[in-house]
Protein chains: 2
Amino acid sequence: MTPYASLDPRQRILMGPGPSTVPNRILRALGSPTLGHLDPQYIGYMDETCQMMRDVFGTTNPLTFPVSGTGMAGMEAVMVNLIEPGDEVIVCINGVFGGRMKDNMQRCGATVHTVEVPWGKTISEEAIAEAVAKHPRATMVGIVHAETSTGALQSLPEISQVVHDAGMLFAVDAVTSMGGHELKVDDWQIDAIYSGTQKCLSCPPGLSPVSFSPAAVEKMDARKTPVQSWYLDVSMLRNYYTGGGASSGARAYHHTAPINMIYALREALMIVLEEGVDQRVARHHAVHLELRSGLEAMGLKYIPDCSLATLNCVATPQGVDEAAVRQRLLTEYDIEIGGGLGVFAGKAWRIGLMGFGATKRNVQTLLAALKDCLETT
Amino acid sequence: MTPYASLDPRQRILMGPGPSTVPNRILRALGSPTLGHLDPQYIGYMDETCQMMRDVFGTTNPLTFPVSGTGMAGMEAVMVNLIEPGDEVIVCINGVFGGRMKDNMQRCGATVHTVEVPWGKTISEEAIAEAVAKHPRATMVGIVHAETSTGALQSLPEISQVVHDAGMLFAVDAVTSMGGHELKVDDWQIDAIYSGTQKCLSCPPGLSPVSFSPAAVEKMDARKTPVQSWYLDVSMLRNYYTGGGASSGARAYHHTAPINMIYALREALMIVLEEGVDQRVARHHAVHLELRSGLEAMGLKYIPDCSLATLNCVATPQGVDEAAVRQRLLTEYDIEIGGGLGVFAGKAWRIGLMGFGATKRNVQTLLAALKDCLETT
């Protein structure tokens, strides 16, 4: 006997900034029998997973695979492979995750130039044009598509054009947009992108889908220095993920892939494709409008410009203890929402509508529960 | 409809170098409902997981937690946090994983001195004494406890003494020993250790248990340069894993932990503690002896000195196509064993007896299947 109780996690409705609620179909896939990481059947599943990732990303990039870590490992994989010490890069900051990108870039030995706007605002094409003109030696511009910390949705196509006109690579954080907002890696000429499984794909956390354009691969191939991370070194990883066909012989062992997480991601992507990416984006938008109108009918206000469907950043009314409300939602209703981050700490709630959880039922349940908590606090 | 078939992984007996077969109890834990990474219930499970890791490692180190990646991420976490550019370190190489440690150390900017012996041999106390005398400025010595590539079991206590007498830190790769061989982190004065979940813990791959001694923490705290990896920076990770009690408020968000994998690891560690660590080690040894005697009765020979119970490195008889035998075992018997690595490629099999899979039944099943494959090839 050990002093520990049987595992029995509560069946919360997860409406925070992620993880989102995982449907049973994905949990069952996750709990399927473990195969070896060089088993031909597993290699087949992995190849299918990579292909479905391409379909959801809207890309034909051969180098599209899941990094064996959470979303932040994907961010780091992009940075360590595309930056060499001494490189100049540009990063856009309008919330927590742009700041993290900067931190990552600096740890890679880059000189980092920033384009900063207040939290919650988005970055203009003009600001990027100015930055690339000012720093013509920069090799890459990094930006967050959907800022989980504020709910800001960044338009990308025009900025991408400016970046490419300046001959630079375009790197995008799509952690909270993949599978929930329109995202077209090839059409928008994104050179490097990373996401997470636990947001709009409704898969548990643990993998980070990434994709690299041929131009990004060229930059990697031209490196003069080794990648500082062994675990995330794409020059080795790609032999495992894309080497040869679906036969184990052609795949060079690098690390033991998180097999069961791949099962779950495969199932999650299959669900996205069964629904249809466009239909899924439309569903997120419709459910977001329903939430917005319900919250506004209660007198609550969105943080200005925070227009993500997937992450709704709502100001806490004056005099209300935001943490106490979250606590009541969790304990009385088994509903999780998120608190504000950074400049919004203590002043806002972050309500996620992601993937499986983006439903009318959850919206109405949350509105009723929140109303109760606000009226009786 | 998508063109993809329903997920239906075969129920293989995994007797390769890992992953090992995962028992249903752990698969069910893995597929339990996902909680938020700051949910008090989840923080409680995480704290229990860290405590059980301490119990299995044989340590009271407060800084004991699962890195959110596979075993190689654990190796990298140890290296990036304990090495600063310009440090001198010593690494012992007698197989693939010592070589990887060297690669990792170099990517951290260290000057790496090696103690090398032929693959399959172990490192003597005298060789270490010579190395630390020759390189007195070295800050750390790294060594592999159980070399998965060869089956060599390295004795650690005497070497640890020599390392500490020289005032250096002692870092150990315990990927294939934790939960299967005797391992006493505190008694053996190990300063930094990493393992994997998919070997003798019989949990799917995806996490790397690590532990750091107070002396290792001191070295980290004295760093003059930032850790080159954001994802693996222990100065931030420890606020999440060990900050405050089991209340979410005290835990600083760093990245979204792989929640469901933590469930599985918690269950796996609970199973280890229910069996008892010493009893589990004894079971591995007994089953290993049974396998050895069965293989020897068939005229097969172990690679000399390859004495791991958990990983049996056996020479392929002359004239036998080692890959063809593995292929038949897989397709006709649903049994996976591993091929040789490096100098043993094409010349040896690696047979894992790990955790849940270390049973008399599996031994006898494999012996019968292997006999059939050898007699009818």
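As the structure is a computational prediction, the values presented were derived from the model and not from experiment. Quick note on labels: first sequence line is chain A, next is B, and so on, each numbered from 1.
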Nearest atoms (heavy-atom pairs only) where [X] meets [Y]:
X: B:Ser6; Y: A:Tyr45; result: O-OH, 4.2 Å
X: A:Leu27; Y: B:Pro33; result: CD1-CA, 4.0 Å
X: B:Val227; Y: A:Arg107; result: O-NH1, 2.9 Å

Side chain, backbone, both or neither: which part of [X] has an atom under 4.5 Å from a heavy atom of chain B?
X: A:Arg12; value: side chain
X: A:Tyr4; value: both
X: A:Gln228; value: both
X: A:Tyr42; value: neither
X: A:Glu336; value: side chain
X: A:Ile259; value: both

Quick check for you: to the nearest 0.5 Å, what is the distance between A:Tyr253 atom OH and B:Ser149 atom OG?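 The distance works out to 9.5 Å.
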Measure the CE-CE distance between A:Met261 and B:Met261 for me, rounded to the nearest 0.5 Å.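 Separation between the atoms: 8.5 Å.
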Select, from [options], the one with the greatest count of heavy-atom pairs under 4.5 Å involving chain B.
options: A:Leu341, A:Asp103, A:Thr225, A:Leu232; result: A:Asp103
options: A:Gly71, A:Gly206, A:Ser32; result: A:Ser32
options: A:Gln198, A:Arg100, A:Gln51; result: A:Arg100
options: A:Met75, A:Gln106, A:His254; result: A:His254
options: A:Ser68, A:Pro226, A:Pro17, A:Ser229; result: A:Ser229
options: A:Leu35, A:Val80, A:Leu273; result: A:Leu35

Segment of [X] engaging chain A (4.5 angstrom heavy-atom cut-off):
X: B:Leu7; value: both
X: B:Glu48; value: both
X: B:Asn24; value: neither
X: B:Ala257; value: backbone
X: B:Thr197; value: neither

Minimum side-chain heavy-atom gap A:Pro19-B:His37 below 4.5 Å: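 The answer is yes; the side chains approach within 4.5 Å.
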So, do B:Thr34 and A:Ser20 sit near enough that their side-chain heavy atoms are less than 4.5 Å apart?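 Counting from C-beta outward, B:Thr34 and A:Ser20 never come under 4.5 Å.
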I'd like to know if the side chain of A:Thr70 pairs up with that of B:Tyr231 as donor and acceptor (distance under 3.5 Å, no hydrogens or angles considered).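 On atom types as modelled, these side chains qualify, holding a pair under 3.5 Å.
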Between [options], which shows the greatest number of heavy-atom pairs under 4.5 Å with chain A?
options: B:Arg266, B:Glu267, B:Glu274; value: B:Arg266
options: B:Met72, B:His255, B:Glu76, B:Met79; value: B:Glu76
options: B:Ala323, B:Gly18, B:Pro258; value: B:Pro258
options: B:Ile26, B:Asp8, B:Val22; value: B:Asp8
options: B:Gly31, B:Gly276, B:Pro205; value: B:Pro205

Heavy atoms of other groups near A:Glu332 CD, more than 12 under 6.0 Å: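 Buried by this count: over 12 neighbours within 6.0 Å.
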Take atom CZ in A:Arg10; do more than 12 heavy atoms of anything else shown fall under 6.0 Å from it?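 Open: at most 12 neighbouring heavy atoms sit under 6.0 Å from CZ of A:Arg10.
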